[in-house]
Novice: 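Let me give you the structure first, and then I'll get to my questions.
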Number of protein chains: 2
Amino acid sequence: MAEVRALQYLQHGGPEVLQIEALRIREPGFGEVLIDIAAAGVNRADCLQRKGYYPAPPGAPERALGLEFAGKVRAVGPGVQDFAPGARVMGICPGGGMAEAIVANERELMPVPTVLSLEEAAAIPEVFLTVFDAIYAQAKLQPSEILLVHAIGSGIGTAALQLGHAFGARVAGTTRSASKITRAKEAGLDLGIDTSEGGFAAALKDEFGRGADVILDTIGAKYISENLSAIQTKGRIVTIGLLGGVKGELNLGKLLAKRVSWTGSVLRARKLEERASLVQSFRKIALPLFQDGTLRPTIERVMPMSEAQRAHEMLEANEAYGKLVLSW
Amino acid sequence: MAEVRALQYLQHGGPEVLQIEALRIREPGFGEVLIDIAAAGVNRADCLQRKGYYPAPPGAPERALGLEFAGKVRAVGPGVQDFAPGARVMGICPGGGMAEAIVANERELMPVPTVLSLEEAAAIPEVFLTVFDAIYAQAKLQPSEILLVHAIGSGIGTAALQLGHAFGARVAGTTRSASKITRAKEAGLDLGIDTSEGGFAAALKDEFGRGADVILDTIGAKYISENLSAIQTKGRIVTIGLLGGVKGELNLGKLLAKRVSWTGSVLRARKLEERASLVQSFRKIALPLFQDGTLRPTIERVMPMSEAQRAHEMLEANEAYGKLVLSW
């Protein structure tokens, strides 16, 4: 057992409840690695957990935030094969990613591409693994298909734009911010849709003459009906966030007539074997694309861990294009 | 071009609009087979089409009912490899299955197992292909999983009970009829749930200590909420009918938390290549199970084609356990 500093909340509430406090972490066991964390990406789930809407799963630290991290291996437990002390690694975790150190199984870790700093790497795991799992493993996005991404300027959105293109799809994205559309178009977005000005189903039809084959949805209830209008026959909708509400009316007649599959997905509740399986698949298929520059995390700002309150405020005000990273 | 007798409706309405009238059918072209139809199964979709709620897709006869048939090959067009005149065949079709003859591509046809009569065979294609596609091809039902089937006493339900068991699953079924539960239990149903007496989510929990891995849903709106309560984490819901309404409230929070996939499916609108692909997969995996007696169509009654009005009345009054078949 060792004690490290970690970003935690003492009770549920606004960003002001965030504090850096001591956290106990265990020694690395069989197959496990102890990592000195350099930086961690901020996620909307952190804000939800801080507010009390997204409790830590069993086994995760109750009040220590952080679902992803990048750092250097300090020590390895018995049986570890892939990583040695000093190796640069990144990964997802069910909590405690914003501590100075963490213990993880080596099968959930990835090497950091040599072209990236640890601060850049810290912005990769959560959004790129989530998007990879949703559009590749689950929705089976195909070359030449159309991928529609809601909230294109978010961390998830900026990762989906890059992964969608890497898999050969055309990518359309929605946002209510004209400046985010400008930035996404600079990053290659095929169709930017400002939803403060009109509907996305009509915009897709105007641009492509058809709907989307895959919709990556972080909005939820607000777009249930329009998603079913905007989706193509045999299309796949994957909902991974509920920023626009939880409950809404579903027209099953459209789901049938278009033969749509609608899947809900979360990473955090998954057990070790599923997280490790996803990471290993990502290592093989997506990680090489960071090395050659096809993929690159989109980072709004890297801030010191002591400014975590400000980072939460920025995220909740939708001020960031892409990711916010906190570094020690 | 030849003229044959065929069950048709002259205008939309109740069972009384059904008439046997002349229908023109084409000569078999390349890869096509001309079949003398012996019998055809009745489906709820026939009733919907008769009422005007389910128009024939492009290329299908507009007013000639019938989505499945069994009969003998009378003639083959050029290039046909699998069937010769005299062969007993069965298949699905987008309409005109209740005519005296039909032309179909040989790739959408199956040989009738030698242990079955043509009247028995006529009850197979629509429900067994639909269920096979839904629970095997789409929901990927696994051995030891729990399959929940709504309307267990319907043609779809009786086929799902057999296919679910053939694939190694435990099968639970809902109905509002105590007598249908008795008959389904005689056929091996693991858990019969009378929904006039209580909820199915609670009944599953009581019996198995858990929810269903796969739900085959012919009800739709009425069960949206309870399906999400009754489904297991990573469960798959396939909706293929809307007897309980089209629109209802969806709780996406449950869809996410349980990582559920909800798919809508219909066979009829599919193009040749998809129908043929499904039939060929079924031929290989499910058809041998009829030959050895593992699968057997459940038939309430075989009636002459002239009693089609009565058959529609029985189906709409939920009087049949399993299929109704009309024979020439």
Side-chain angles (χ1 to χ4, degrees), chain A residues 45 48 53-55 57 130 133-134 137-140 150 215 217-225 227-228 231 233-271 273-274 277-278, chain B residues 45 48 53-55 57 130 133-134 137-140 150 215 217-225 227-228 231 233-271 273-274 277-278:
Chain A
L48 291 174
Y53 300 146
Y54 195 51
T130 295
D133 180 68
Q138 299 203 55
K140 297 181 175 51
H150 291 314
I215 299 178
D217 172 37
T218 46
I219 303 301
K222 188 174 130 190
Y223 285 166
I224 290 178
S225 171
N227 280 339
L228 281 176
I231 196 80
T233 296
K234 296 187 77 177
R236 293 82 72 196
I237 303 171
V238 185
T239 295
I240 58 171
L242 299 169
L243 289 175
V246 173
K247 295 179 183 179
E249 186 179 82
L250 174 68
N251 183 333
L252 281 169
K254 281 196 179 178
L255 199 81
L256 258 72
K258 291 189 169 183
R259 299 162 57 192
V260 169
S261 270
W262 200 319
T263 304
S265 183
V266 286
L267 285 194
R268 192 184 191 184
R270 299 187 188 184
K271 303 292 186 196
E273 67 277 13
E274 275 200 284
S277 174
L278 171 60
Chain B
L48 291 175
Y53 300 146
Y54 196 49
T130 295
D133 179 68
Q138 298 202 56
K140 296 182 174 51
H150 291 314
I215 299 179
D217 171 38
T218 46
I219 303 301
K222 188 174 131 191
Y223 284 166
I224 290 178
S225 171
N227 280 339
L228 281 176
I231 196 80
T233 296
K234 296 187 78 176
R236 292 83 71 197
I237 303 172
V238 184
T239 295
I240 57 170
L242 299 169
L243 289 175
V246 174
K247 294 180 185 179
E249 186 178 83
L250 174 68
N251 183 333
L252 280 168
K254 281 196 180 178
L255 199 80
L256 257 74
K258 291 189 169 183
R259 300 163 56 193
V260 170
S261 270
W262 199 318
T263 304
S265 183
V266 286
L267 285 195
R268 193 185 191 184
R270 298 187 189 184
K271 303 293 186 196
E273 68 278 12
E274 274 199 285
S277 173
L278 171 59

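Chain naming here is simple, since letters A, B, ... match the order of the sequence lines and numbering starts at 1 in each. Just so it is clear, the model here is predicted, and its values are computed rather than measured.
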Novice: Is it the backbone or the side chain of A:Arg268 that comes under 4.5 Å from a heavy atom of chain B, or both, or neither?
Specialist: neither

Novice: So which of A:Ile240, A:Leu252, A:Val266 has the biggest tally of heavy-atom pairs under 4.5 Å with chain B?
Specialist: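 Result: the option with the highest number of such pairs is A:Leu252.
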
Novice: Identify which of A:Val260, A:Thr263, A:Leu242, A:Leu256 forms the greatest number of heavy-atom pairs closer than 4.5 Å to chain B.
Specialist: A:Leu256

Novice: Can you give me the closest heavy-atom contact between A:Asn251 and B:Lys247, atom names plus distance?
Specialist: ND2-CE, 3.4 Å

Novice: For each of A:Arg236, A:Lys258, A:Lys254, A:Lys234, tally heavy-atom pairs with chain B at distances under 4.5 Å, and name the one with the top tally.
Specialist: A:Lys234

Novice: If you count heavy-atom pairs under 4.5 Å with chain B, which of A:Gly253, A:Ser265, A:Gly248, A:Gly220 comes out on top?
Specialist: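 Option with the top pair count is A:Gly248.
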
Novice: Holding to side chain to side chain donor-acceptor pair (under 3.5 Å), I want the full list of residues that pass it with B:Thr218, two or more places apart in sequence or in another chain.
Specialist: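 Applying side chain to side chain donor-acceptor pair (under 3.5 Å) to B:Thr218 gives none.
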
Novice: In Å, rounded to the nearest 0.5 Å, how long is the span from CD1 of B:Ile224 to CD of A:Glu249?
Specialist: 8.5 Å

Novice: Once rounded to the nearest 0.5 Å, what's the spacing between atom CZ of B:Arg259 and atom CD of A:Gln138?
Specialist: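 Result: 7.0 Å between the selected atoms.
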
